[in-house]
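Working notes, structure below.
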Protein chains: 2
Amino acid sequence: MNTPIRRNTKQRAAISEVVQSLSNFHSAQDIHAELAKRGSTVGLSTVYRALAAMAADGDVDTLLRDDGETLYRQCADAAHHHHLVCRQCGATVEVDGPTVETWTQRIAAEHDFDDVSHTLEVFGRCAQCRAQG
Amino acid sequence: MNTPIRRNTKQRAAISEVVQSLSNFHSAQDIHAELAKRGSTVGLSTVYRALAAMAADGDVDTLLRDDGETLYRQCADAAHHHHLVCRQCGATVEVDGPTVETWTQRIAAEHDFDDVSHTLEVFGRCAQCRAQG
DNA sequence: ACTGATATTGACAATCGTTTTCATGTAGGG
DNA sequence: CCCTACATGAAAACGATTGTCAATATCAGT
Ligand SMILES: [Zn+2]
Ligand SMILES: [Zn+2]
Ligand SMILES: [Zn+2]
Ligand SMILES: [Zn+2]
């Protein structure tokens, strides 16, 4: 019922460090592999648990891929925002959408919906990837 | 390389009929169970394949749940639109967002992104569920 | 209708991301 | 230092989805 207390462990520190060093969205398994590459021996379950906790605490952002895989990213902006992601290379830009936020509220009110939340992601091809093609 | 030809089978007809009869989003397994309940003996693999094909052809809409499960729905509007979904009962309203569409384009242009698409879903609690508590 | 090329089906196994289990280790307040 | 709740990790379990493949059905062309 009450929020569980988080402890500071070497594993979580290592995971957090890796996530911060990766600029784009990455899967739990990606991060686990990267940890291994850097000599860390954190267990895969721990990576999953830590990332889930970080996401629950709002410390990292999540992105659901079409195939259901969850990706994580350490964003610069802690406040609510959305993402513009390159389908090809994964380059990610944090974007703000005040227009969308108000639209969401209005739509919900119009249909008498309460306690509203939303998910919004924009995908495309970045300039760099277009140049290569 | 070329688009595969679709054949009209009793199984697909049955699946399509069930999807149309369910007003909200439902999983492939839900639909398979409903088919069984109605006496149909369509295989689960067939249900998955048919729904994927229908989604690819734009005949049904899909919704990715947080846990990665894919839900399907037969929408009245064939054109691009979004959904306002009740978290509790699943009641779904099709909504149009011209504001969001233009915002998306603008954001993409500002960051020099090409070939843009987006996903947007709004969740909340409908009036009926609020009344109950 | 008959035929043949090819798409479709379905029972089952396999895949794969994620969660659970549970015995052991550890953080951190008192 | 001690205690206890939380965290870890190896392995097994889970669950949605996809692959396999032999048998079957569709449908365009004759
Ligand atoms: Zn790119
Ligand atoms: Zn928003
Ligand atoms: Zn729809
Ligand atoms: Zn849209």
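Every value quoted in this text rests on a predicted model; they were computed, and no experiment measured them. First the proteins, then the strands, lettered A, B, ... as listed; each starts at 1.
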| query | For A/Thr70, which contact category applies under a 4.0 Å heavy-atom criterion: base, sugar-phosphate, or nothing? | reply | sugar-phosphate

Check your understanding: Hey, is the side chain of B/Arg49 pairing donor to acceptor with the base of D/dG19 inside 3.5 Å?
Key -> no

When we call it a touch if two heavy atoms are under 4.0 Å apart, what does A/Arg12 touch: a base, just sugar-phosphate, or nothing?
sugar-phosphate

B/Met54 CE to C/dT8 P, in whole Å, measures 13 Å

In a table with atom names and distances, give each donor-acceptor pair under 3.5 Å that connects a side chain of residues 4-17 of chain B to protein atoms at least two apart or in another chain.
residue, atom, partner, partner atom, Å
B/Arg6, NE, B/Asp57, OD2, 2.9
B/Arg6, NH2, B/Asp57, OD1, 2.9
B/Thr9, OG1, B/Arg12, N, 3.2

Inset, instruction - Verify whether one side chain among B/Arg87 and A/Ser117 offers a donor that lies under 3.5 Å from an acceptor in the other. - result: yes

In whole angstroms, the gap separating P of D/dT18 from CG of A/Asp66 amounts to 11 Å

field: Any donor-acceptor N/O pair under 3.5 Å between D/dC27 base and B/Arg7 side chain
entry: no

When rounded to whole Å, the CZ to C1' distance for the pair A/Arg6 and D/dA7 reads 11 Å

Checklist entry - For D/dT8, does OP1 or OP2 lie under 4.0 Å from any side-chain N or O of A/Thr9? => result yes

| query | Hey, is the side chain of A/Thr46 poking within less than 4.0 Å of OP1 or OP2 on D/dG9, counting only N and O atoms? | reply | yes

Check your understanding: Any side-chain N or O of B/Gln11 under 4.0 Å from OP1/OP2 of C/dG10?
Key -> yes

TODO: Would you kindly confirm whether A/Tyr72 and A/Val18 end up in one hydrophobic cluster when ILVMFWY residues are joined by side chain heavy atoms under 4.5 Å apart?
DONE: yes

Residue pair A/Lys10/A/Asp67 against DNA chain D: nearer the 5' end by closest nucleotide is A/Lys10

inquiry  = Regarding A/His82 and A/Glu101, do their side chains bring together a donor and an acceptor under 3.5 Å, going by distance alone?
reply    = yes

For A/Glu69 and A/Ser27 the tightest heavy-atom approach is OE2-CB, 3.2 Å

Rounded to whole Å, CD of B/Glu69 lies from C1' of C/dT18 at a distance of 14 Å

Open item on the list: So, OP1 or OP2 of D/dA16: does either fall under 4.0 Å of a side-chain N or O from B/Gln29?
Closed with: yes

* Asked: Is there a donor N/O on one and an acceptor N/O on the other, under 3.5 Å, for the side chain of B/Ser45 and the base of C/dC12?
  -> yes

Checklist line | Phosphate OP1/OP2 of C/dT18 contacted by A/Tyr48 side-chain N/O (<4.0 Å) | finding: yes

